[in-house]
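Input: a single structure, listed below in structure tokens.
Model, not experiment: these values are computed from the prediction. Residue numbers count from 1 along this sequence.
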Amino acid sequence: MAQAAQMNVLEISSPIRVEHDKKRRQFTIRLNGSYDRAVLLYEYVGKKTVDLQHTEVPDAYRGRGIAKHLAKAAMDFVVEEDLKAHLTCWYIQKYVKENPHPQYLEHIIH
């Protein structure tokens with residue numbers, strides 16, 4: 001019992017690191033070592049336009065703010081690369097609505 005509680009503390013307190021795999025066009029966060037992953041998928045739909053398509057966090061990790069880290073990384077990438085973005089993913093739409101930074105908004109295609 002104490003071991004299980006200790007593992008939960010480690011999962012919550014460990015820093016969240018987003019990895020960007022440009023070749024696979026995805027942002028990932030490794031959870032619980034490398035067994036579970038949260039992922040945000042995107043595709044290029046034009047030379048300077050991406051479609052942020054889908055965000056998925058395993059059920060056991062939902063409600064911990066993990067998707068927010070993926071959304072931020074994706075939107076920061078769009079801004080840094082001076083891309084335009086379609087927001088197909090409902091979660092990214094929600095994230096931008098809750099975080100309406102001007103640098104994000106000017107890169108979104110409505």
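- To the nearest 0.5 Å, the span separating CD1 on I29 from CG on D36 amounts to 12.5 Å.
- Within the structure, side-chain hydrogen bond (donor to acceptor under 3.5 Å, both in side chains) contacts touching residues 45-56 (residues at least two apart or in different chains) are D51-T88, H54-E56.
- Residues I108 and M75 meet the side-chain proximity criterion, which asks for heavy atoms closer than 4.5 Å.
- A search for side-chain hydrogen bond (donor to acceptor under 3.5 Å, both in side chains) contacts involving D82 returns nothing, not counting sequence neighbours.
- Checked by atom type and distance alone, the side chain of R30 never pairs as donor or acceptor with a backbone atom of Y35 at under 3.5 Å.
- The distance from the CG atom of D21 to the CG atom of L41 is 11.0 Å, given to the nearest 0.5 Å.
- Partners of F77 according to the ring-ring contact (aromatic ring centres under 6.0 Å, His included) rule, which considers only residues two or more places apart in sequence or in another chain, are H20, F27, Y42.
- Pairs engaging residues 83-107 under the salt bridge (charged side-chain N to carboxylate O under 4.0 Å, His left out) rule: K94-E98 [sequence neighbours left out].
- Of the possible donor and acceptor atoms, one in the side chain of R25 sits under 3.5 Å from a partner among the backbone N and O of K23.
- With a 4.5 Å cut-off on side-chain heavy atoms, L40 and I92 count as touching.
- Residues satisfying the side-chain hydrogen bond (donor to acceptor under 3.5 Å, both in side chains) test with Q103, not counting sequence neighbours, are none.
- Sorted by first and then second residue, the pairs that involve residues 78-101 and meet ring pair (Phe, Tyr, Trp, His ring centres under 6.0 Å), not counting sequence neighbours, are H101-Y104.
- Within the 4.5 Å cutoff, the side chain of I66 has heavy atoms near those of the L31 side chain.
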